[in-house]
Number of protein chains: 2
Amino acid sequence: MSKKEALLKAAENKVRLGGYSNFSFRELANEVGIKSASVHYHFPTKADLGAELAHQYTNSFLTALGEPNALKASGKNPINVYTQLFRSALVTDRKMCLCGLLGAESDSLPEKVRLEVKRFFNENLAWLTAAHSANGDLNPTQSAIQTVSLLEGAMMISKTLDDNSYFELATKLTE
Amino acid sequence: MSKKEALLKAAENKVRLGGYSNFSFRELANEVGIKSASVHYHFPTKADLGAELAHQYTNSFLTALGEPNALKASGKNPINVYTQLFRSALVTDRKMCLCGLLGAESDSLPEKVRLEVKRFFNENLAWLTAAHSANGDLNPTQSAIQTVSLLEGAMMISKTLDDNSYFELATKLTE
DNA sequence: TATAAATTACCTATCGGTAGGTAGGTTGTT
DNA sequence: AACAACCTACCTACCGATAGGTAATTTATA
């Protein structure tokens, strides 16, 4: 892993635990074994680092999801796949969704970071709308915003109360 | 309004836009017209201020809600009342829920602040469970976590995408 | 005359960012 | 092949600004 990749990885961990202001060039540099000034070689400003981080996070997320129609065709419920990706972020990583946290503090973010966070949600809503559509949902647009809202909210509350069973209960089908 | 109240009000505005690290004693002091050192007279440390802020926010929130059974008795749907309180936070204040934002960055918060944020959600879940119960809901505990998750998530996404119609669509009854 | 509330004047630590330099490798030209 | 020019990936040293916090003192109020 290159130093640049290591810096992004270290930044992701910190941001997902405490937001944009929860990492500094010095901390990142220490973690990967270079000097803080050298971080500027890879990322001219902190905003550049933040924007690239959100951009790559979004790309990885979408790649991990795959195509909703392809999932449907292979017998999977794409909404379950989507939910599972959130679950593993919470349970395995024990961290918030990067863009969920950044989105909440959107107003205080540098412009270029905020735009990348917006892209995350626009792409997610498009994916979920296609997924609900493939499921025969009569109002896929509404279902899409409800799905992502529920998951982001449940994730945040489970983190706050330090108990993943809240996430499980929130995402369980009503009996 | 006392200086102390003014400090809390100024802090609330800043935290609801950018989180715990989005306010400093200097900024707060400037806004209310005192010196930063004087803020320490009212709040020994930043954590004390943050904890008191979250505590009062929770109290105000619960007071504004009233009692679920009393609402029900007066012909109102308590869940609609609850939703409306979130809506006005988003539409009127144009800001995130204080504890929603703090909850997301829970891991990086001072202990005493984190405890107050936990209290917010525990109290909210208790209120919502009683409300769904009063509505005759067969699984009020599950409905409670789903309601607060959906609202916090929808609020965050509407803020991020700077479009309140996402909140409206997320909270609209499915047709 | 107490006490509350604020002041001045600091402190140490850290922040993002910049200036200037360097070792080692690559590319381009003759 | 030789050499100049350039690039990559760092370094040391430092900048002004800001962070949270403290001690001693003054001012205002009950």
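Please read these numbers as outputs of a predicted model, since none were measured by experiment.
- At least one side-chain heavy atom of K4(A) sits less than 4.5 Å from a side-chain heavy atom of F43(A).
- In terms of the salt bridge (Lys or Arg N to Asp or Glu O under 4.0 Å) criterion, D163(B) has no residue partners (sequence neighbours excluded).
- Partners of F61(A) under the ring pair (Phe, Tyr, Trp, His ring centres under 6.0 Å) rule, at least two apart in sequence or in another chain, are F86(A), F120(A).
- Atom NE2 of H40(B) and atom P of dT7(C) are 13 Å apart (whole Å).
- Every salt bridge (Lys or Arg N to Asp or Glu O under 4.0 Å) that K14(A) has, sequence neighbours left out, goes to E31(A).
- Looking at residues two or more places apart in sequence or on another chain, you find a side-chain contact (heavy atoms from CB on, under 4.5 Å) between K95(A) and N13(A), R16(A), L17(A), D93(A).
- Of all the residues in residues 14-36 of chain B, I34(B), K35(B) reach under 4.0 Å from DNA chain C with at least one non-hydrogen atom.
- Taking the salt bridge (Lys or Arg N to Asp or Glu O under 4.0 Å) definition, one finds that D137(B) meets it with nothing, sequence neighbours left out.
- Looking at residues two or more places apart in sequence or on another chain, you find a salt bridge (Lys or Arg N to Asp or Glu O under 4.0 Å) between D48(A) and K112(A).
- Put simply, S38(B) has no side-chain N or O that comes within less than 4.0 Å of OP1 or OP2 on dA5(C).
- For Y41(B) and dA5(C), the shortest distance from a side-chain N or O to OP1 or OP2 is below 4.0 Å.
- Mapping heavy-atom proximity under 4.0 Å, the span of DNA chain D touched by chain B runs 5' to 3' from dA19(D) to dT22(D).
- Residues passing the ring pair (Phe, Tyr, Trp, His ring centres under 6.0 Å) test with H132(A), sequence neighbours excluded: none.
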